[in-house]
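Right, one structure below, let's go through it.
When reading the values below, keep in mind they use all heavy atoms of this one structure, side chains included, and skip hydrogens, waters and symmetry mates. We count residues from 1, following the sequence as given.
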Amino acid sequence: MQITAPSFDEYLKQIPEDRQKAFQKLFETLNKNIPQNFEVSMSGGMINWVVPLEIYPAGYHCTPGSPLPFLAMASQKNFIALYHMGIYAKPELLNWFVEEFPKHSKKKLDMGKSCIRFKKPDDIPFELIAELSKKMSAEEWIAVYEKNFKK
């Protein structure tokens with residue numbers, strides 16, 4: 001299920017009604033807590049936080065001329081997804097998140113490499129997500145990205 005929308009408000013209107021409140025709260029939590037120098041954009045059927053080209057002119061190596069992706073959220077067919085590239089690229093951050101998750105949720109962590117899945121909107125640990133979103137600055141993300149991904 002990929003939603004194509006030019007803005008967050010249009011995106012929100014297209015997701016199932018039972019997810020809309022939690023999805024909006026997740027967006028607000030991320031947007032309020034993510035460090036400066038990230039900006040919100042829409043692409044790939046997701047809401048993204050990226051390092052803009054004005055800050056990192058080299059951009060994303062897979063799509064030259066585009067901003068460096070960092071964080072994204074999407075409404076998938078059966079869950080709300082949060083994609084955090086810092087967790088994928090920095091093992092210490094992943095370990096912190098995995099250790100903290102049980103302190104904030106009674107549910108089992110459902111996670112892929114960078115994707116955290118929430119099957120029920122009521123199960124989103126907003127306080128933990130707020131903490132996670134504060135953990136990496138744009139400058140640190142650029143350094144981690146260049147160390148791990150850039151050729």
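Residues passing the side-chain hydrogen bond (donor to acceptor under 3.5 Å, both in side chains) test with Trp141, sequence neighbours excluded: none. Phe23 pairs by the ring-ring contact (aromatic ring centres under 6.0 Å, His included) definition with Tyr11, not counting sequence neighbours. Under the side chain to side chain contact (heavy atoms under 4.5 Å, CB included) criterion, Ser7 pairs with Asp9, Glu10, not counting sequence neighbours. Take Ser43 and apply the side-chain hydrogen bond (donor to acceptor under 3.5 Å, both in side chains) test, not counting sequence neighbours, and it matches Asn48. For the side chain to side chain contact (heavy atoms under 4.5 Å, CB included) test, no residue two or more places apart in sequence or in another chain qualifies with Ala143. For Ile55, the side chain to side chain contact (heavy atoms under 4.5 Å, CB included) partners at least two apart in sequence or on another chain are Asn37, Val51, Pro52, Ile142. Applying the ring-ring contact (aromatic ring centres under 6.0 Å, His included) rule to Phe8 yields the partners Phe27; only residues at least two apart in sequence or on another chain are considered. With sequence neighbours excluded, the residues forming a ring-ring contact (aromatic ring centres under 6.0 Å, His included) with Tyr88 are Phe149, listed by chain and number.
Put simply, CD1 on Ile34 and CG on Leu71 are 5.0 Å apart, with the number rounded to the nearest 0.5 Å. Note: Gln20 CD to Gln24 CD = 8.5 Å, rounded to the nearest 0.5 Å. To the nearest 0.5 Å, the span separating CZ on Phe79 from CZ on Arg19 amounts to 8.5 Å. Note: Ile129 CD1 to Asn33 CG = 10.5 Å, rounded to the nearest 0.5 Å. Note that the OG atom of Ser75 and the CD1 atom of Ile3 stand 5.0 Å from one another [nearest 0.5 Å]. Between Leu132 atom CG and Thr29 atom OG1 the span is 11.5 Å, to the nearest 0.5 Å.
Scanning all heavy atoms of the two residues, the minimum distance from Tyr60 to Leu68 falls at CD1-CD1, 4.1 Å. Contact between Ala81 and Gln76 at its shortest, heavy atoms only, is CB-CG, 4.0 Å. Closest of all the heavy-atom pairs between Ala130 and Ser133 is O-OG, 2.8 Å. Annotation for Asn148 and Ala89: closest pair ND2-O, 3.2 Å, computed over non-hydrogen atoms.
Every pair passing side chain to side chain donor-acceptor pair (under 3.5 Å) that includes a residue from residues 108-122 is listed here, sequence neighbours excluded: Asp110-Arg117, Asp110-Lys119. Counting only residues at least two apart or in different chains, salt bridge (Lys or Arg N to Asp or Glu O under 4.0 Å) contacts with residues 80-93 comprise Lys90-Glu140. Each salt bridge (Lys or Arg N to Asp or Glu O under 4.0 Å) pair with one or both residues in residues 20-46, not counting sequence neighbours, would appear here, but there are none.
Considering only heavy atoms from C-beta on, Tyr145 stays 4.5 Å or farther from Met85 through its side chain. Ile87 is listed as a side-chain neighbour of Ile116, based on a closest heavy-atom distance under 4.5 Å.
Connection of Ile80 to Tyr83 is not established within any shared hydrophobic cluster, with ILVMFWY side chains joined at heavy-atom distances below 4.5 Å, either directly or through further cluster members. Cluster membership for Trp49 and Met46, using ILVMFWY side-chain heavy atoms within less than 4.5 angstrom, is not shared.
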(request) Could you give me the CA-CA distance, side-chain angles and deciding distance for Met73 and Phe118, then say whether side-chain contact (heavy atoms from CB on, under 4.5 Å) is met? (result) CA-CA 11 Å; Met73 60 184 283; Phe118 301 105; over 6 Å; no
(message) Using side-chain contact (heavy atoms from CB on, under 4.5 Å), reason through Leu82 and Ile124 one step at a time and then give a plain yes or no.
(response) CA-CA 10 Å; Leu82 175 65; Ile124 300 172; over 6 Å; no
Identify all side-chain donor-acceptor contacts of residues 93-102 below 3.5 Å with residues at least two apart in sequence or on another chain.
{"unit_1": "Asn95", "atom_1": "ND2", "unit_2": "Pro91", "atom_2": "O", "d": "3.3"}
{"unit_1": "Glu100", "atom_1": "OE2", "unit_2": "Lys103", "atom_2": "NZ", "d": "3.0"}

